[in-house]
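These notes concern the structure reproduced below.
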Amino acid sequence: MNERRKPYPFDRIEPKWQAIWDETRAFHAPNPGDENFDPAKPKYYVLDMFPYPSGAGLHVGHPEGYTATDIIARYKRLRGFNVLHPMGWDAFGLPAEQYAIKTGQHPAVTTRENIAKFKAQLKRIGFSYDWEREVNTTDTGYYKWTQWIFLQLYHSWFNPETKKAEHISSYRGADPDAVRLAYVAEVPVNWCQELGTVLANEEVIDGKSEVGGFPVVRRPMRQWMLRITALADRLLDELEGLDWPDSIKALQRNWIGRSEGAEIRFPVVGAARPDDRTPRHDSPAFPEIRVFTTRPDTLYGATYMVLAPENPLVDRITPEDRRESVSQYRTAIATKSDLERTDLAKEKTGAFTGAFAINPANDERIPIWIADYVLMGYGTGAIMGVPAHDERDLEFARKFELGVVPVVQAPGKTPEESIGYTDVGVAINSPLLNGLSRPEATARIIDWLEQNGHGRRDTRYKLRDWLFSRQRYWGEPFPVIWRDGKHEALPESELPLEPPALEDFKPTGTGEPPLAKAKDWIRYSDNATRETNTMPQWAGSCWYYLRFCDPQNDQRFVGEEPERYWMGGGSIAETGNRKPESKDNTENAFRNPHSEIRNRPGGVDLYIGGVEHAVLHLLYARFWHKVLFDLGYVSKPEPFQRLVNQGMILGEDGRKMSKRWGNVIDPLDVIEIYGADAFRCYEMFMGPLEQMKPWSMKGVEGVSRFLARVWRLIMEENQAGEWILSGQVQEVDSGKAQLKVLHATIKKVTGDIETLSFNTAISQMMILVNALIPQGGTPAISVSTLRTLLLLLNPFAPHLTSELWEILAGKFPGPGLDITAERWPEHDEGLLLEDEIEIILQVNGKLRDRITVALDATNAQLEALALASKKVQNAVGGQTIRKVVVVPRKLVNVVAN
RNA sequence: GCCGAUGUGGCGAAAUGGCAGACGCAACGGACUUAAAAUCCGUUGGGCUUAACGGCCCGUGCCGGUUCGAGUCCGGCCAUCGGCACCA
C-alpha cells in the first residue's frame with residue numbers, strides 16, 4: 001500500500017500536545033486545600049466505567065464512552081468547572097489468573113503489562129484524564145480499603161426500625177452473627193467445576209457461567225454472603241430520583257422484583273409426621289403451610305395447594321400410603337436439569353401428597369400437591385392454587401381435575417366466563433368480599449387475616465442476598481480468621497491482608513480455594529486460621545469512584561473533605577451562592593448549566609458505561625454506597641446521579657465485533673491513518689451515543705476531511721511543501737451572514753454538548769466550516785471567528801485545535817498560547833435575528849408558497865400577504881376559506897374546503 | 001408471556017406539533033492535472049409532467065384518532081433488538 005499523504009500533520013501535532021499536557025499536568029484537578037485549588041469553581045465529576053485491562057487491548061467500543069466523557073470534561077473545564085475526570089483499572093479477574101495457571105506467570109505481572117498497554121492506548125487518543133489519580137484495584141494501597149469496607153459491612157446490621165445500616169453494637173438480639181450485613185451461610189450455590197469457583201446468581205446465564213459458558217450446578221456450600229436484600233426497598237425506591245435511562249431503572253426494578261401481598265397460613269389436616277404416622281388434627285405440633293400470594297383477594301378461589309418438591313414440609317405431611325409415589329416424583333424432579341425444569345413449553349407435572357389443608361376463609365378442605373412449577377427459592381416454597389385467576393394454576397387444575405371456582409367476575413362476563421381473567425373485576429363467591437374491587441378486596445381480606453391470626457401483609461423480593469466469596473487466587477483475601485469454628489474480623493491495623501505467594505494457582509477442584517494450599521499463610525495463631533476464600537471482582541469496582549476523590553490517602557478510604565467536595569451535592573462555590581460566569585440568559589435553560597448543577601442531589605455528575613452493568617456493578621455499588629452513607633462515611637445516599645449507556649459499536653458488516661467474524665477494528669490502526677482527533681470525532685459523529693451503530697471506515701474519512709478543511713482554513717502549503725499560516729486569515733470583521741452562522745453554531749454546539757448530542761454538534765460545526773470557506777472574490781477570514789470555531793471544536797479535536805490556536809496566538813496578539821486556559825464562547829441572540837424572515841404559506845397544511853417579510857410584520861399583514869399569494873389562491877381554487885391560522889415568524893395556514 | 005428500546009433515502013442519520021431527509025458517506029457529472037491521488041464545484045427520496053423555468057402527486061413499519069397542521073401526541077397492531085421469565 002502506498003504511503004498515503006496525511007490530510008494534515010496530525011502525526012506531528014498529536015504527540016506534541018500529548019507530551020505538553022503530560023508535562024504541564026494540564027488536567028490535574030486539585031482537591032480542596034491543594035495548591036492551585038480555586039474555591040470559586042464549582043465541581044464536576046465525570047466518570048467512565050473503568051476497564052478490566054485484558055491482554056487484547058482496547059477495541060473501538062471502549063473509547064466511545066471515553067470520548068463522550070472527555071468532551072464533557074474538556075467542555076466543563078472551559079466553562080470554569082473544577083473537573084474530576086479519572087481513570088483506573090479493575091484488575092482482579094479471571095483471565096489473568098487463568099493465564100497464570102497456564103504459564104506460571106504471576107497474575108500481578110500480567111496485569112502490570114496489560115495496564116501499561118491500555119494506558120498507552122488511552123493516552124494516544126488524547127483523553128484528558130488526571131493520571132495522578134489513577135487507581136488499580138489490585139494495589140495493596142487500594143484493596144486495603146476494599147477489605148476495610150468489608151469489615152464495615154461485617155460490623156454492621158440493618159436496623160428495621162430506623163431502616164438504616166448501623167454498627168452491630170446497636171443490635172440487641174442474642175446472636176449478632178444472624179444479622180450482620182456480611183455473614184456466612186451454608187447455602188445452595190452456583191458451583192462451576194470448570195472455573196473451580198462459585199458464582200453469584202447474576203453471573204449465571206441459562207445454567208452456564210457468564211465467563212466462559214461452562215456448566216453451573218447447584219450445590220450447598222459454606223459461603224460469605226452480603227445482606228443486600230435488607231436494602232431492597234431503598235435500592236428500589238431511591239431509583240426514582242436518579243437521572244438514569246428508564247430501561248436501566250426498569251432492569252434494576254425487575255431484578256429486585258418487589259411483590260406486595262400477604263402471607264397466609266393454611267392448617268393441615270390428615271397430616272403425618274415421620275415420628276408419628278397417625279393423622280392428628282389437634283396436636284400442638286399441628287403443621288401448617290404458609291404461602292405468599294400477591295392476590296389474597298382470591299383466597300376463596302383457592303381449591304388446592306402446591307408445595308415445591310424440595311419443601312421439607314412434604315415429609316411431615318405425606319401419609320404412609322402416598323410416600324412412595326411422592327418420593328418417586330421428587331426423585332424424578334431432582335435428576336432434571338435446571339433447563340428442563342424451567343422449560344415453559346412442557347406440561348405441568350405433580351403428585352398428590354394425600355394430605356389436605358383448610359382454606360381459612362371458608363373452611364373448605366383442599367388437597368395438597370407437590371409440583372415442580374413451584375420453586376423452593378421464592379416466597380415460602382408453597383402456593384395456594386387459584387385456578388380461576390392464575391394461568392399456571394388453571395393449567396395444573398385442568399390436568400389433574402381439581403376444582404375451579406371463579407371468585408372475581410370480569411366486567412360484562414358471567415362468573416363462568418370470568419375464569420382465566422386475572423386483572424379486573426369485582427369479587428364474587430367470597431362472602432367477606434363480594435362486590436369489592438381488587439384493591440378494596442385485598443385490603444379487606446388482609447385486615448381479616450391479621451385480625452384472625454390467619455396471616456399478615458407481606459412483601460417479597462426476587463433479589464437474593466449477594467454471594468460474595470470465590471474460590472480463586474487473584475482476588476482480595478477476606479480480613480477474617482476462624483477460631484473454634486467461629487469467624488472473627490481481623491483488626492484494621494492488620495490491613496492490608498496480602499494474599500500468599502503461590503507457585504500453583506490452579507483451583508483444587510474440590511471447592512477448596514487455592515489459598516488453602518498456602519499452609520503457612522493460613523495459620524494465624526495456634527488456634528486460629530485465615531479465611532481462604534477471596535472476594536469477587538465486583539468488590540473493587542463497588543467503590544473506586546470514591547477512591548478517585550482522594551487516591552493517595554493512606555489514613556482513610558477517602559478523606560472527608562475531598563469526599564464532601566466531589567461527591568457532595570454542592571461545591572464550595574455553590575454553597576457560597578457564587579456563579580463562575582457572570583452572564584446569564586434565562587431564556588435558554590441550557591445556557592445556564594449551573595442552575596442545573598446546583599439542584600443536583602450530588603454524587604458523580606455524569607457516569608457513562610455499557611449497559612452490561614445494569615444489574616451487577618450498578619446495583620452492588622449502590623448497595624455499598626448506601627451502607628457507607630448510613631454509617632456516615634459519605635455525604636449522599638446515591639453514588640451516580642446521571643447515568644448514560646453508550647450503544648455498542650458493530651463491525652462494518654453490521655455484526656457484533658468479534659475475532660470470529662474478523663470484523664474487529666483496532667483504534668490504533670485507525671489513528672495511524674487518520675489521527676486521534678478524527679477517530680474521536682468519528683466515534684461521536686456516527687450517531688446518537690446511546691444507539692447501537694455499525695463502524696464505517698469511509699465515515700472516518702469523511703470526518704477526517706472535515707478536520708483537514710479546518711486545518712486549511714488557517715494553514716496553507718508554501719512552495720517547499722511546508723505548512724504556514726494562510727494569508728487569508730486576517731484581523732477583519734466577519735460579514736453579517738458569517739456572524740449569524742457562527743452564533744447559531746455556538747448556540748447549537750453548547751446545547752448539544754449539554755444533552756450529549758455530539759453527532760449534531762459536529763454537523764453544525766461542519767456547516768460553519770462550509771460557510772467560512774472563501775467562495776471566490778478576495779478571501780479573508782476573521783481571526784476572531786476562527787478562534788471561536790477552535791474553542792467549540794476543542795473538546796472534540798483537542799490536538800488540532802490546540803495547535804491552530806497556538807499558531808494564531810503567535811501571529812495575532814490577544815489571547816494566550818494555551819487554548820485550554822480559555823473560556824467557552826457565548827452566543828449573542830441578537831445576531832441570530834435578521835430584518836427579514838421567510839414565512840411559509842400553507843393551504844390545508846400543505847406547503848404552497850413562501851414569502852419574505854419584515855421581522856416585525858403583524859399577523860394581519862401576514863394573513864393579507866398569504867391571501868394575496870397567487871399560489872395560495874390557486875390552491876384554494878373555488879373552495880371557501882374557513883379559517884386562517886397565523887404563527888408569527890413561522891407560517892400562515894389557510895383552511896379551505 | 002412480562003418489561004424496555006427501536007422502526008425515516010442506497011448507507012450512518014437530522015427535524016421545540018409547523019418547509020421531511022440537515023450533516024456525512026456512497027453514487028453520478030464537472031473543474032484542476034500529461035495522468036492519478038488530493039482538493040474544489042454541482043446533482044442526488046420516488047413518480048408524473050414541461051422544450052425550458054416550472055408545476056403536480058406520493059412518501060417517515062401498518063390501521064385508526066386528536067389537530068388548521070402529525071415523523072413527532074393518543075389508541076390498536078406488526079416487525080426487529082435487549083432484559084426477565086412457572087417469581088405465586
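What you see is a predicted model; the values in this text were computed from it and never measured. Just so it is clear, the values below take in all heavy atoms, side chains as well, and ignore hydrogens, waters and symmetry mates.
The residue R848(A) sits close only to the backbone: its heavy atoms come under 4.0 Å of sugar-phosphate atoms, none of a base. R705(A) comes within 4.0 angstrom of the backbone, heavy atoms only, and of no base. As judged by a 4.0 angstrom heavy-atom cut-off over every strand, G702(A) is placed among residues touching the sugar-phosphate backbone only. Heavy atoms of K656(A) sit nowhere under 4.0 angstrom from any nucleic acid atom. R850(A) comes within 4.0 angstrom of a base, heavy atoms only. As judged by a 4.0 angstrom heavy-atom cut-off over every strand, R460(A) is placed among residues making no nucleic acid contact. Nucleic acid contact for K249(A): none, since no nucleic acid atom lies under 4.0 Å from a heavy atom of the residue. Heavy atoms of K462(A) sit under 4.0 angstrom from at least one base atom. Within 4.0 Å of I767(A), counting heavy atoms only, lie sugar-phosphate atoms of the nucleic acid but no base atom.
As rounded to the nearest Å, rC63(B) and rC56(B) have P atoms that lie 26 Å from one another. Comparing rA15(B) with rG69(B), their P atoms sit 25 Å apart, to the nearest whole Å. Comparing the C1' positions of rG17(B) and rA31(B) gives an interatomic distance of 45 Å, to the nearest angstrom. Across rG45(B) and rG9(B), the matching P atoms stand 13 Å from one another, rounded to whole Å. Distance check on atom P: rU44(B) versus rC62(B) gives 26 Å, rounded to whole Å. Across the P atoms, rG64(B) and rA70(B) are found 14 Å apart, a figure rounded to whole Å. rG10(B) and rA22(B) are spaced 14 Å apart, taking the P atom of each and rounding to whole Å. rA13(B) and rC84(B) are spaced 32 Å apart, taking the C1' atom of each and rounding to whole Å.
Between F758(A) and F796(A), the ring planes lie perpendicular to each other; the angle is over 60°, past the 30° to 60° tilted range.
One atom, CE of M765(A), and another, C1' of rA22(B), lie 15 Å apart when rounded to the nearest Å. The separation between M648(A) atom CE and rG83(B) atom C1' is 13 Å, rounded to whole Å. For H389(A) and rC86(B), the NE2 to P distance is 23 Å, given to the nearest whole Å. Distance, L707(A) CG to rC25(B) C1': 16 Å, rounded to whole Å. In this structure, CZ of R655(A) is placed 15 Å from P of rG82(B), rounded to the nearest angstrom. At whole-Å resolution of the value, OH in Y378(A) and P in rA85(B) are 13 Å apart. Atoms CG (D849(A)) and P (rG55(B)) sit 9 Å apart, rounded to a whole Å. I773(A) has its CD1 atom 6 Å from the P atom of rC41(B), to the nearest Å.
Considering only the side chain of Q842(A), rC19(B) comes nearest among rC23(B), rC25(B), rC19(B). Nearest nucleotide to the K348(A) side chain, out of rC86(B), rC19(B), rC68(B): rC86(B). Comparing rG18(B), rC86(B), rG24(B) against the side chain of V885(A) picks out rG18(B) as the nearest. Among the nucleotides rG18(B), rA26(B), rA88(B), the one closest to the side chain of V374(A) is rA88(B).
Remark: L618(A) CG to E612(A) CD distance equals 9.5 Å, nearest 0.5 Å. Atoms CD1 and CH2, on I714(A) and W723(A) in that order, are 12.0 Å from each other to the nearest 0.5 Å.
When the nearest nucleotides of RNA chain B are assigned to D390(A) and N844(A) by heavy-atom distance, the more 5′-ward of the two goes with N844(A).
Proximity of R709(A) to the phosphate of rC40(B): a side-chain N or O atom is located under 4.0 Å from OP1 or OP2. The side chain of K883(A) places no N or O atom within less than 4.0 Å of a non-bridging phosphate oxygen (OP1 or OP2) of rG69(B). R712(A) has a side-chain polar atom (N or O) that falls below the 4.0 Å cut-off from OP1 or OP2 of rC40(B).
Residues satisfying the ring-ring contact (aromatic ring centres under 6.0 Å, His included) test with Y620(A), not counting sequence neighbours, are W466(A), W538(A). Judged as a ring-ring contact (aromatic ring centres under 6.0 Å, His included), and not counting sequence neighbours, Y300(A) has no contacts. Contacts of D11(A) classified as side-chain hydrogen bond (donor to acceptor under 3.5 Å, both in side chains), with partners at least two apart in sequence or in another chain: none. F292(A) pairs by the ring-ring contact (aromatic ring centres under 6.0 Å, His included) definition with nothing, not counting sequence neighbours.
Put simply, the side chain of E391(A) and the base of rG1(B) share no donor and acceptor less than 3.5 Å apart.
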Inset, instruction - Give RNA chain B the dot-bracket treatment, 5' to 3': Watson-Crick (N1-N3 with N6-O4 or O6-N4) or G-U (N1-O2, O6-N3) under 3.5 Å, [ ] crossing, | other strand. - result: (((((((..(((.....[....))).(((((.......))))).(((((....)))))..(((((..]....))))))))))))....

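Anti is the conformation of rG42(B), whose glycosidic angle sits further than 90° from 0.
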Legend entry - Where protein sits on nucleotides 3-16 of chain B, one letter per nucleotide: B base, S sugar-phosphate only, - none, heavy atoms under 4.0 Å: SS-------BSS-B

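Checked against a 6.0 Å centroid threshold, the rings of W711(A) and F10(A) do not count as neighbours. Aromatic ring centroids of W369(A) and Y304(A) lie 6.0 Å or more apart. Ring centers of F396(A) and Y373(A): under 6.0 Å apart, within the cut-off.
Considering every non-hydrogen atom in both S704(A) and P7(A), the closest pair reads OG-CG, 3.6 Å.
At a cut-off of 3.5 Å, with distance as the only test, no side-chain donor of T353(A) or Y329(A) sits close to an acceptor on the other residue.
Residue E64(A) is tested with Q646(A), R680(A), K693(A) for a side chain to side chain donor-acceptor pair (under 3.5 Å); the sole match is K693(A).
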